[in-house]
Enquirer: 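I'd like to ask some things about the structure below.
The sequence lines fix the lettering, A, B, ..., with proteins before strands; numbering per chain opens at 1.
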Number of protein chains: 2
Amino acid sequence: MKMETALERLREKGYKRTKQRERMLEIFTNQDQYIAAKDILKTFQEDFPGVSYDTIYRNLYLLTDEEILEATELGGEKHFRLSCDTHGHHHHFICTACGKTKSIEFCPMDKVQDNLQGYDIENHKFEIYGKCPACS
Amino acid sequence: MKMETALERLREKGYKRTKQRERMLEIFTNQDQYIAAKDILKTFQEDFPGVSYDTIYRNLYLLTDEEILEATELGGEKHFRLSCDTHGHHHHFICTACGKTKSIEFCPMDKVQDNLQGYDIENHKFEIYGKCPACS
DNA sequence: GAATTAATTCGTAATCATTATTATTTACAA
DNA sequence: TTGTAAATAATAATGATTACGAATTAATTC
């Protein structure tokens with residue numbers, strides 16, 4: 001997703017355009033990887049030495065709610081990445097060494113719906129972990 | 001998995017048979033659901049009022065390493081369930097209301113291997129979340 | 001452009017799950 | 001039954017996340 005697309009989406013919803021939000025989006029731009037909240041904080045502090053935890057977490061969740069970011073939990077910590085809106089629904093291979101991801105253009109949900117008659121499906125997670133070619 | 005199978009597996013590896021480990025396995029027996037570590041602790045305290053965190057976590061991880069338990073992370077907390085060894089590799093639907101699970105006899109990995117040439121796959125996660133018939 | 005106002009951020013403390021540590025106890029084997 | 005390594009208890013520390021009142025700021029209106 002382009003930074004401008006994200007900012008526009010926020011504007012439409014009436015959210016203010018703050019330096020902090022711009023910077024946060026900037027950090028995610030062109031990063032094909034999940035980043036831990038604490039690493040966002042660390043990067044953030046370079047430009048905003050006094051940034052508060054509140055700002056980091058509130059905005060990460062806001063951006064996730066607005067589907068600008070995608071969230072997942074890796075090793076007990078919340079990680080975030082810019083949502084890919086260029087293609088449809090998909091999943092990711094995630095490198096456990098460098099954190100980089102590769103899109104998997106396949107969703108297993110089609111294959112399992114039949115076995116879940118009567119179940120109210122709200123969500124699903126399909127992630128593959130390992131080492132990318134560069135790290136292995 | 002039967003409780004006796006689990007105890008036997010521990011014995012083979014030279015682990016001691018303690019009242020705490022027996023009780024822990026008992027808690028998981030016949031529970032088709034993921035249980036949070038803190039809930040294990042709570043149940044445990046009924047029989048072992050002075051049980052330490054250390055005992056809980058050490059044994060949960062030990063049993064997971066020995067493939068007696070399966071672990072997953074739900075809502076930022078580690079959850080565990082007795083491993084099903086009656087049938088092969090599979091995945092789970094997990095009810096977000098009651099925590100009960102249903103086996104999904106399908107693994108999407110077959111479908112995606114081709115797209116991951118050169119990637120060293122270590123692990124994967126496929127979970128479906130929602131409400132089971134009883135809760136929906 | 002100044003005033004208004006609600007949203008946002010800061011500064012800091014609290015919470016909560018998990019991990020670590022040391023002394024004590026226990027299972028098991030010789 | 002005794003010795004010994006393993007396991008547990010009791011407690012403290014850690015670290016990510018959440019909470020909250022005070023101060024600041026973006027956007028709107030005049």
Enquirer: Would Phe80(A) and Tyr34(A) count as a close aromatic pair, with their ring centres under 6.0 Å?
Expert: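 No, they do not, as the ring centres are separated by 6.0 Å or more.
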Enquirer: Is Tyr57(A) close enough to dT17(D) that one of its side-chain N or O atoms is under 4.0 Å from OP1 or OP2 there?
Expert: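 Yes, such a contact exists.
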Enquirer: Please determine whether a side-chain nitrogen or oxygen atom of Arg58(B) lies at a distance below 4.0 Å from atom OP1 or OP2 of dA7(D).
Expert: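 No, because none of the side-chain N or O atoms of Arg58(B) sits under 4.0 Å from OP1 or OP2 of dA7(D).
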Enquirer: Counting only non-hydrogen atoms, which of residues 64-82 of chain B are less than 4.0 Å from DNA chain C?
Expert: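 Within this stretch, Glu77(B), Lys78(B) sit under 4.0 Å of the strand.
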Enquirer: Under a single-linkage definition using a 4.5 Å side-chain heavy-atom cutoff for Ile, Leu, Val, Met, Phe, Trp and Tyr, are Leu63(A) and Val51(A) assigned to the same hydrophobic cluster?
Expert: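 They do share one cluster, since a chain of ILVMFWY contacts under 4.5 Å joins Leu63(A) to Val51(A).
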Enquirer: To the nearest Å, how far apart are Asp54(A) CG and dT18(D) P?
Expert: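 Checked: the CG to P distance equals 11 Å.
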Enquirer: Taking only N and O in the side chain of Tyr61(A), is any of them less than 4.0 Å away from OP1 or OP2 of dT18(D)?
Expert: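 Yes.
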Enquirer: Treat primed atoms plus P, OP1 and OP2 as sugar-phosphate and everything else as base, then score nucleotides 25-30 of chain D 5' to 3': B for base contact with protein heavy atoms under 4.0 Å, S for sugar-phosphate contact only, - for none.
Expert: -BS---
Enquirer: Which residues in residues 37-48 of chain A have a heavy atom closer than 4.0 Å to any atom of DNA chain C?
Expert: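 Those residues: none at all.
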Enquirer: Ion pair present between Glu12(A) and Arg9(A), side-chain N to carboxylate O less than 4.0 angstrom?
Expert: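 No, Glu12(A) and Arg9(A) are not salt-bridged.
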Enquirer: Closer to the 5' end of DNA chain D via nearest nucleotide, is it Gly14(B) or Gly50(B)?
Expert: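 Checking each residue's closest nucleotide, the 5'-ward one belongs to Gly14(B).
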Enquirer: Just checking Tyr53(A): does its OH atom have more than 12 heavy atoms from other residues, nucleotides or ligands closer to it than 6.0 angstrom?
Expert: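 Counting other residues, nucleotides and ligands, OH of Tyr53(A) stays at 12 neighbours or fewer.
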Enquirer: Between Glu22(A) and Leu7(A), is there a side-chain heavy-atom distance shorter than 4.5 Å?
Expert: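 Counting from C-beta outward, Leu7(A) and Glu22(A) do come under 4.5 Å.
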Enquirer: Between dT18(C), dA7(D), dG11(C), which one does the side chain of Arg21(B) approach most closely?
Expert: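 Out of dT18(C), dA7(D), dG11(C), the nucleotide with an atom closest to Arg21(B)'s side chain is dA7(D).
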Enquirer: Any sub-3.5 Å donor-acceptor pair from Arg11(B)'s side-chain atoms to Lys16(B)'s backbone N or O?
Expert: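 No: the side chain of Arg11(B) does not pair with the backbone of Lys16(B).
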Enquirer: Does any N or O in the side chain of Ser52(A) come within less than 3.5 Å of the main-chain N or O of Asp54(A), such that one atom is a donor and the other an acceptor?
Expert: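 Answer holds: yes.
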Enquirer: May I ask you to evaluate whether Gln20(A) reaches the phosphate of dC10(C), defined as a side-chain N or O under 4.0 Å from OP1 or OP2?
Expert: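 Yes, such a contact exists.
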Enquirer: For Lys19(A) and Asp47(A), what are the C-alpha separation, side-chain angles and deciding distance, and is it a salt bridge (charged side-chain N to carboxylate O under 4.0 Å, His left out)?
Expert: CA-CA 10 Å; Lys19(A) 286 187 286 294; Asp47(A) 291 325; over 6 Å; no
Enquirer: Between Lys102(B) and Asp32(B), is there a side-chain N and carboxylate O pair less than 4.0 Å apart?
Expert: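 Salt bridge: no.
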Enquirer: Between C1' on dA17(C) and CG on Leu60(B), what's the gap in Å once rounded to a whole number?
Expert: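 Leu60(B) atom CG is separated from dA17(C) atom C1' by 13 Å.
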Enquirer: Thr64(B) and Glu70(B): side-chain donor and acceptor closer than 3.5 Å?
Expert: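 No, Glu70(B) and Thr64(B) have no side-chain donor paired with an acceptor closer than 3.5 Å.
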Enquirer: Compare side-chain N and O positions of Thr55(A) against OP1 and OP2 of dC10(C) and report whether any pair is under 4.0 Å apart.
Expert: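 The answer is yes; a side-chain N or O of Thr55(A) sits under 4.0 Å from OP1 or OP2.
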Enquirer: Centroid-to-centroid, His124(A) to His91(A), below 6.0 Å?
Expert: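 Yes - the distance between ring centres of His124(A) and His91(A) falls below the 6.0 Å cut-off.
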Enquirer: Please report the distance, rounded to the nearest Å, between CD in Glu22(A) and P in dT8(C).
Expert: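 So the two atoms are 14 Å apart, to the nearest Å.
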